[in-house]
Every structure is written in structure tokens, then in C-alpha cells.
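Notes for the one structure printed next.
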Amino acid sequence: MKKIFLVLLVLFVWSCTSKPVMNVQNEYVPKTRDGEQLSVNDVERAILSATQRRGWSSRVVKPGLIEASISVRTHRATIEIRYSSNSYSINYKSSENLDYDDGSIHRNYNNWVINLSRTIQNELGVNAQKD
């Protein structure tokens, strides 16, 4: 009986670390104080700056698409960030050692994406305040 309870407890604890993969869709890019829209290049610079600040390695694949990866100990995640002058989206691409399975992943991945999106918003807000 104790073995069954222990197995169930381990399975429960293991399952609690897995959450649905979070993608960020169509996050708003703020306008400048003058009401002007930031350029695509401004948005690209803000995203690249945010990825660097958060410890992601990033590269511009083509205009409007950045690929970024983060490695923490033995864990690795790769995302695609699609962007325009109006919005950006962050989508899961691949991972290693994050227990990805059928749309679920270790909760740390979602935290990394949330923090990155917040930093992008911060960078965009700073850029939008420039005259």
C-alpha cells in the first residue's frame, strides 16, 4: 500500500511541473508620445535588446522573424518571435530536457516566456517615449 501511495505521489508531483505551452499572440506595440508608430527596425531592436537582457541568444532570421534560444543548466528552449510595427508574437519552436509532451512543458518555460514578453514591453515603452 505504501508503494502505491508513493508512486501516486511521485506522479502527482511530476505532473504539477508540466503546464500547457504558453505562446504570446499579437502583443501590442505602443506608439510614441507624438502618436507615431514605431518602425519595424525599432521593434526589432527592442526585441533583440530584451532577449539579451533576459539571457536569450537571438538572431534575425529575416525581417519580421527572430529566433531566440535560452539554456539553463541542462535545459534548452527555442522560440520564434514574429513582429511588425504594430505587434509581436512569441511561439514555441523546440526544447530539450523540459519534458515537452503533446502541448505541455515544464512550467519554467512559461515563466521564461512571460518574463521575456514583459522585458520586450519595457523596451518598447522606453523606445516609444523617445521623441
Quick one: [atom1] on [X] to [atom2] on [Y], what's the gap to the nearest 0.5 Å?
X	Y	atom1	atom2	answer
Tyr109	Asp99	OH	CG	14.5 Å
Asn110	Asn115	CG	CG	11.0 Å
Asn108	Leu98	CG	CG	7.5 Å
Asn86	Lys31	CG	NZ	7.5 Å
Ile120	Ile47	CD1	CD1	5.0 Å
Asp42	Glu36	CG	CD	11.5 Å

Closest heavy-atom pair and its distance - [X], [Y]:
X	Y	value
Arg107	Lys19	CB-CG, 3.7 Å
His75	Trp112	CB-CH2, 4.2 Å
Ile105	Ser95	CD1-OG, 3.8 Å
Asn97	Thr74	ND2-O, 2.7 Å
Val29	Gln37	O-NE2, 3.4 Å
Ser104	Ser18	CB-OG, 3.3 Å

* Spell out, as yes or no, whether a donor-acceptor pair under 3.5 Å connects the side chain of Ser89 to the backbone of Asn26. =>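 Such a contact is found between Ser89 side chain and Asn26 backbone.
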* Verify, without hydrogens or angle tests, whether Asn122 (side chain) and Arg118 (backbone) share a donor-acceptor contact under 3.5 angstrom. =>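 Such a contact is absent between Asn122 side chain and Arg118 backbone.
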Give a yes-or-no answer on whether the side chains of [X] and [Y] include a donor-acceptor pair shorter than 3.5 Å.
X	Y	result
Ser39	Ser85	no
Ser94	Tyr100	no
Arg53	Thr119	no
Gln121	Tyr88	yes

Is there a path from [X] to [Y] through hydrophobic residues (I, L, V, M, F, W, Y) whose side chains come within less than 4.5 Å of each other?
X	Y	answer
Val60	Leu124	yes
Ile90	Ile114	yes
Trp56	Val72	yes

* Given the rule in the side chain to side chain contact (heavy atoms under 4.5 Å, CB included) test, do Glu67 and Leu65 qualify, once you have shown the distances and angles that lead to the verdict? -> CA-CA 7 Å; Glu67 184 178 277; Leu65 177 62; 6.0 Å; no
* To do: State which residues pass salt bridge (Lys or Arg N to Asp or Glu O under 4.0 Å) with Arg76; sequence neighbours excluded, sorted by chain then number.
  =>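 Residues passing salt bridge (Lys or Arg N to Asp or Glu O under 4.0 Å) with Arg76: none at all.
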* **More than 12 heavy atoms from other groups under 6.0 Å of CG on Asn41** =>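 More than 12 heavy atoms, drawn from other residues, nucleotides or ligands, come within 6.0 Å of this atom.
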* Asked: Does atom CD of Gln25 have more than 12 heavy-atom neighbours, drawn from other residues, nucleotides or ligands, at distances under 6.0 Å?
  ->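 Count over threshold, so yes.
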* Please step through side chain to side chain contact (heavy atoms under 4.5 Å, CB included) for the pair Leu116 and Ile81, ending with a clear verdict. => CA-CA 11 Å; Leu116 176 59; Ile81 306 170; 4.2 Å; yes
